[in-house]
Amino acid sequence: MVRKYRMMKQIIKVVLICLLFISCNGQNTHKNKQYVKDSKKQIENSNKQQFSVDFFDQKYFNGYQISFGDFDISEHPYRYYYNYENDQVQWFAISYVPKDITLHNYWLNYLQGKTNPEEITQSSVIEKIVNKNLSSYNIFAINIPKKFLDVSNGESEEAMLFKNDTEVYFYLYNLSEKKWRFLKKVKTNSPLFGKHNFFSSQFPELFSFNRDSEKLNKKDNSFKAKNNDDLESLSDNFSIEGNWKCLCNKENDSEFIFPNNEGTFFMKDSKGNLIAKLIVGYNEESKTIRYIGAPIVSRDYMYIDWDFGIKSNTPFAVIKKGDNKKIHLEWKGFLNSKTGKIEFHKNPFNQTTNTIILNNCD
């Protein structure tokens with residue numbers, strides 16, 4: 001009897017242990033299912049947050065632009081949209097960023113020396129240029145959630161500021177698939193979506209610009225005359241001394257003034273307005289005119305780093321042939337070592353050909 005009782009007790013204990021194991025296993029299975037469900041929900045929420053706006057929807061279209069204002073020029077075309085009244089719509093911009101340095105330089109100098117800025121900055125004109133070779137651009141969208149917009153001074157474009165540690169969501173448009181692809185999220189205090197470097201520094205693999213910059217930096221001193229024939233084309237007694245202009249009777253023309261091998265270059269735009277007063281030097285061996293410094297720069301052109309971007313002793317023109325009365329000067333432009341681009345790639349004398357004839361007006 002005692003033995004039977006012990007056996008029953010043992011059987012009951014085994015059954016209870018089995019039930020307890022099954023119950024725990026069921027709870028773990030439920031937890032795992034709940035974890036997977038929660039993870040999927042988090043991913044769905046993340047994707048929903050990333051793709052909350054159809055950037056190309058026509059209701060957001062405000063036109064193509066190249067300028068932020070009178071003196072603040074974008075380095076590439078862009079579009080942008082903002083709406084503070086609708087919580088579902090966030091501030092965003094679409095930037096058409098050139099992949100190569102040639103196209104980059106084209107837009108950098110798009111307004112320089114132009115007499116019809118109001119006409120060429122029209123949305124339809126810019127759109128036509130962009131669409132002509134759309135595959136040459138990286139089309140980025142940057143989306144900034146409303147919580148990072150400081151509208152304490154009023155809900156308007158002029159009053160809007162970006163808060164510190166603003167989260168910027170980067171997207172890239174795939175032309176063949178006609179889809180936006182989320183790239184990454186970055187925290188920044190300065191979302192400079194009008195600057196090439198704002199994108200190329202984050203995604204260097206998308207730009208041939210960076211490789212071109214390396215080549216340009218290696219060619220920092222490549223503006224020397226290429227062979228002895230070029231050097232022999234100058235008269236034996238040639239001297240740079242004098243006042244060199246395109247037209248001596250044109251008062252507002254750009255001009256070089258050389259009392260000796262170091263002189264001054266008054267660089268002006270097509271309207272005769274001063275761009276900058278530069279200290280320059282003439283190198284007799286290479287026949288190049290070199291940049292030394294910029295004591296005076298017009299407000300419109302202070303965006304260029306004349307102190308560190310344009311290095312002292314950087315050549316920007318070479319004299320190909322001539323004598324003490326007339327020279328053929330080949331304009332090269334100013335190599336900006338910080339950005340790798342050429343500033344003022346068109347000569348300021350006539351804005352056309354890069355080889356120009358200058359007369360000694362002394």
Side-chain angles (χ1 to χ4, degrees), residues 55-56 60-82 91-134 136-144 149 156-158 160-162 166 168-173 186 188-203 206-207 209-210 212-213 269 275 297-306 309 333-334 336 338-346:
F55 302 115
F56 278 144
Y60 302 134
F61 183 64
N62 280 339
Y64 290 79
Q65 301 182 54
I66 192 64
S67 173
F68 300 106
D70 292 337
F71 305 111
D72 194 1
I73 308 300
S74 174
E75 295 184 358
H76 44 251
Y78 71 95
R79 306 158 51 174
Y80 81 107
Y81 178 85
Y82 70 96
W91 185 101
F92 67 85
I94 301 173
S95 292
Y96 295 82
V97 188
K99 296 177 181 179
D100 65 79
I101 193 169
T102 303
L103 188 57
H104 175 62
N105 285 335
Y106 170 80
W107 287 109
L108 276 178
N109 297 282
Y110 184 65
L111 296 177
Q112 185 176 313
K114 300 297 192 301
T115 57
N116 58 338
E118 292 184 1
E119 179 182 339
I120 64 175
T121 54
Q122 292 181 10
S123 175
S124 59
V125 175
I126 297 174
E127 181 179 13
K128 185 177 181 180
I129 297 172
V130 170
N131 288 337
K132 184 184 295 184
N133 196 4
L134 200 57
S136 296
Y137 299 85
N138 285 312
I139 306 174
F140 290 99
I142 60 170
N143 190 18
I144 299 179
L149 302 179
S156 68
E157 178 186 0
E158 293 77 14
M160 184 198 72
L161 297 172
F162 298 112
T166 290
V168 177
Y169 291 78
F170 285 90
Y171 303 82
L172 182 68
Y173 189 68
V186 175
T188 178
N189 293 333
S190 300
L192 301 176
F193 65 94
K195 300 296 183 183
H196 188 284
N197 190 55
F198 183 64
F199 299 95
S200 62
S201 62
Q202 296 291 340
F203 312 103
L206 297 177
F207 295 91
F209 175 89
N210 298 302
D212 293 339
S213 297
D269 62 21
I275 295 174
V297 177
S298 168
R299 179 183 175 185
D300 294 14
Y301 300 94
M302 286 183 178
Y303 66 90
I304 299 173
D305 189 346
W306 294 93
F334 300 88
N336 190 326
K338 290 182 69 175
T339 63
K341 71 183 185 68
I342 301 294
E343 310 285 2
F344 304 102
H345 67 282
K346 290 185 178 180

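Along the sequence shown, residues carry numbers from 1. No experiment lies behind these values; they were computed from the predicted model shown.
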Q: Over all heavy atoms of both residues, which pair between Tyr137 and Trp107 is shortest? Give the atoms and the distance, please.
A: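 Scanning both residues completely, I find the closest heavy atoms to be OH-NE1, 3.0 Å.
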Q. For Ile66 and Pro77, which heavy atoms make the closest approach, and how far apart are they?
A. CD1-N, 3.6 Å
Working to the nearest 0.5 angstrom, can you tell me the gap between [X] [atom1] and [Y] [atom2]?
| X | Y | atom1 | atom2 | result |
| --- | --- | --- | --- | --- |
| His76 | His196 | NE2 | NE2 | 8.0 Å |
| Tyr303 | Lys195 | OH | NZ | 8.5 Å |
| Ser200 | Glu75 | OG | CD | 9.0 Å |
| Phe92 | Ile142 | CZ | CD1 | 11.0 Å |
| Tyr80 | Phe61 | OH | CZ | 13.0 Å |
| Ile342 | Ile101 | CD1 | CD1 | 6.5 Å |

Q | For Asn62, side chain to side chain contact (heavy atoms under 4.5 Å, CB included) partners two or more places apart | A | Tyr81
Q: List for me each residue that meets side chain to side chain contact (heavy atoms under 4.5 Å, CB included) alongside Asn138, sequence neighbours excluded, and say none if there are none.
A: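 With sequence neighbours excluded, Asn138 shows a side chain to side chain contact (heavy atoms under 4.5 Å, CB included) to Lys99, Phe140, Leu172, Leu206, Phe207, given in chain and number order.
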Table please: side-chain donor-acceptor pairs of residues 120-131 below 3.5 Å, with sequence neighbours left out.
{"unit_1": "Thr121", "atom_1": "OG1", "unit_2": "Pro117", "atom_2": "O", "d": "2.6"}
{"unit_1": "Thr121", "atom_1": "OG1", "unit_2": "Glu118", "atom_2": "O", "d": "3.4"}
{"unit_1": "Ser123", "atom_1": "OG", "unit_2": "Tyr64", "atom_2": "N", "d": "2.8"}
{"unit_1": "Asn131", "atom_1": "ND2", "unit_2": "Glu127", "atom_2": "O", "d": "3.3"}

Q | Test ring-ring contact (aromatic ring centres under 6.0 Å, His included) applied to Phe344 - qualifying residues, sequence neighbours left out | A |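 By the ring-ring contact (aromatic ring centres under 6.0 Å, His included) rule, Phe344 matches Tyr301.
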Q: Report the C-alpha distance between Phe56 and Tyr173 in whole Å, list the side-chain angles of each, state the deciding distance to 0.1 Å, and finish with yes or no for side chain to side chain contact (heavy atoms under 4.5 Å, CB included).
A: CA-CA 10 Å; Phe56 278 144; Tyr173 189 68; 3.7 Å; yes
(Q) Between Phe55 and Asn143, is the side chain to side chain contact (heavy atoms under 4.5 Å, CB included) condition met? List the steps. (A) CA-CA 9 Å; Phe55 302 115; Asn143 190 18; 4.1 Å; yes
Q: Would you check, one step at a time, whether the test side chain to side chain contact (heavy atoms under 4.5 Å, CB included) holds for Lys346 with Asn109?
A: CA-CA 9 Å; Lys346 290 185 178 180; Asn109 297 282; over 6 Å; no
Q. Is Glu343 reaching over with its side chain to a backbone N or O of Phe334, donor-acceptor style, under 3.5 angstrom?
A. no
